[in-house]
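The block underneath contains the structure these notes are about, expressed in structure tokens.
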Amino acid sequence: MAELIDGRAQADALNLRTAAAAVEFHQRGGDVPGLAVILVGEDPASDIYVRRKINQCRKVGIHSAEHRLPATTNQIELLRLIDSLNGDPSVHGILVQLPLPDGIDAALVLDRIAPAKDVDGFHPVNVGRLSTGTGGLVPCTPLGIMMLLDSVIDDYRGLNAVVIGKSNIVGKPVSLLLLEREARVTVTHIETRELSEITRKADIVVAAAGAPHLVRGYWIKPGAVVIDVGISRVANPDGTTKIVGDCATHELDHARAVTPVPGGVGPMTIACLLSNTVQAALQSLSQPDPPTNESDAKVVRSDCTPMKVGQGIATPVQ
Ligand code: NAD
């Protein structure tokens, strides 16, 4: 029977470390770590995600400020709000809930967030730091995936890791993190031929395709570790619906360890957002004033202290 990697328990443990780090921030002269969450429009799923994130903030001692903007908000108004949050010293993390309404360029909006406050890790500066292995804020889902993997793998060197999916928020960053640990990484996607032949040779499979039960038992070699990132809602025969992942977990008894869906990667994603926020707050204690506009942001970008991913809170590279 494969070990179930308990994402809820690991998220709880990470939240305890984050709460302790929030206290440390205060002891070192900071006030309260602050997260600003921007939600534009009325998307019901986004509404649920934002509420969940805000509730969790309270539990770990982060002050959260919600900025709900009507769907009619234009790009300039949104950029102005980000500029003002960039310049607000009580805000250490800024999160723009995606998707944004039509007519707003998401890439432009995400690029406007000061890299030091980019707790989602989507800014090109943080992406660049990740790809060069020089730290920065790491995207939450890949960071959580690595923590789950770390709970069952000590040494990645030479392991054959296969990532299914090449998105900017999961597939690409998790591939870079695995590469950083010196795994032999194969990134696959919708156009990859004979995918099951590739996964069958893997010691680690990270499935982030959004394709329900794509990964079957015969795709996985005995003893492999499988991380299921996918979240899909599917219909039951009785007309109700349920959430399933990318892996047919009931066929994976021969794996060494697997993450369940729900209760695997999902809880870790939010816990990593909180961790990133407190980490950004701690970093702000040793950084100059945050930028107030895009040109000022360039100054701070070059001053970002590199961080490395560790067990729990990302720690500055000394
Ligand atoms: P995406 O749609 O941006 O990317 C999906 C990737 O999978 C693409 O690169 C695509 O080429 C590949 N792909 C799709 N179908 C495939 C197939 N049949 N075979 C091989 N490759 C295939 O999605 P995303 O944003 O990376 O998210 C992926 C999944 O992870 C979704 O189900 C999403 O809901 C879930 N997700 C979960 C969390 C979490 O916190 N648990 C966070 C982010 C995303």
Side-chain angles (χ1 to χ4, degrees), residues 4-12 14-15 37 43-46 48-53 55-56 95-100 106-107 110 119-122 127 130 137-149 161-178 185-202 205-216 218-220 226-234 241-249 258-276:
L4 270 189
I5 304 174
D6 187 342
R8 289 198 181 104
Q10 291 202 38
D12 286 347
L14 175 56
N15 284 341
V37 181
D43 182 52
S46 295
I48 292 170
Y49 292 140
V50 164
R51 239 178 302 140
R52 253 185 228 160
K53 288 168 185 170
N55 282 340
Q56 296 281 327
L95 183 150
V96 177
Q97 185 66 43
L98 301 176
L100 289 167
L110 296 178
V119 283
D120 259 338
F122 294 157
V127 175
L130 181 62
L137 287 159
V138 176
C140 303
T141 301
L143 185 58
I145 291 169
M146 292 310 295
M147 289 178 192
L148 294 172
L149 282 171
V162 173
V163 177
I164 307 176
K166 61 168 186 66
S167 72
N168 289 337
I169 65 166
V170 190
K172 280 184 202 156
V174 83
S175 304
L176 290 167
L177 290 168
L178 285 162
V185 183
T186 305
V187 187
T188 65
H189 48 78
I190 190 80
E191 299 298 341
T192 303
R193 313 251 161 89
E194 282 151 27
L195 184 50
S196 63
E197 297 294 319
I198 298 169
T199 56
R200 228 190 317 228
K201 296 187 188 111
V205 174
V206 177
H213 291 176
L214 171 73
V215 178
R216 306 291 305 273
Y218 71 92
W219 287 39
I220 299 299
V226 181
I227 303 290
D228 191 350
V229 190
I231 302 175
S232 302
R233 187 169 284 283
V234 298
T241 62
K242 64 177 176 187
I243 297 288
V244 298
D246 283 354
C247 302
T249 313
V258 299
T259 55
V261 175
V265 175
M268 286 303 284
T269 296
I270 296 186
C272 286
L273 169 72
L274 307 181
S275 169
N276 275 353

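For clarity, every value in this text was computed on a predicted model and none was experimentally measured. We number each residue from 1, following the sequence as shown. In each ligand, atom 1 is the first atom listed, and ligand 1 is the first ligand listed.
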Heavy-atom protein neighbour under 4.0 angstrom from atom 2 (O) of ligand 1: no
Heavy-atom nearest option to atom 4 (O) of ligand 1, drawn from S167, G210, G144, P212: S167
Nearest neighbour of atom 33 (C) of ligand 1 from the list L214, N168, I270, I231, on a heavy-atom basis: I231
Interatomic spacing from OG in S46 to CZ in R51 - rounded to 0.5 Å: 11.5 Å
I'd like to check which ligand 1 atoms, numbered from 1 as shown, lie under 4.0 Å from a non-hydrogen atom of [X].
X	answer
V170	26 (O), 43 (C), 44 (C)
I164	20 (C), 21 (N)
A208	5 (C), 6 (C), 7 (O), 28 (C)
I169	25 (O)
G266	40 (O), 41 (N)
G165	6 (C), 7 (O), 9 (O), 12 (C)

Worked verdict on T186 versus I198 for side chain to side chain contact (heavy atoms under 4.5 Å, CB included): CA-CA 8 Å; T186 305; I198 298 169; 4.1 Å; yes
Is there side-chain contact between [X] and [Y], with at least one heavy-atom pair below 4.5 Å?
X	Y	value
I145	L177	no
H189	T192	yes
L178	M146	yes
L214	I164	yes

Please check whether [X] reaches ligand 1 - meaning an N/O of the residue sits under 3.5 Å from an N/O of the ligand, judged on distance alone.
X	result
D246	no
L195	no
S232	no

For a quick test of reading the model, state the closest non-hydrogen atom pair linking [X] to [Y] and the distance between them.
X	Y	result
L137	N276	CD2-O, 3.9 Å
C247	V226	SG-CG1, 3.7 Å
V127	F122	CG2-O, 3.7 Å
P260	G263	CG-O, 3.7 Å
G144	M268	CA-CB, 3.9 Å
A208	V229	CB-CB, 3.8 Å

For [atom], what's the nearest protein heavy atom and its distance?
atom	answer
atom 42 (C) of ligand 1	T141 OG1, 3.2 Å
atom 9 (O) of ligand 1	K166 N, 2.9 Å
atom 5 (C) of ligand 1	A209 O, 3.6 Å
atom 30 (O) of ligand 1	V229 O, 3.4 Å
atom 11 (O) of ligand 1	I190 N, 3.0 Å

Looking only at heavy atoms of [X], does any of them come nearer than 4.0 Å to an atom of ligand 1?
X	value
G171	no
T192	no
T188	no

Other residues, nucleotides, ligands: >12 heavy atoms within 6.0 Å of E197 CD: yes
Proximity of T269 to ligand 1 by residue part, where a heavy atom lies under 4.0 Å: side chain
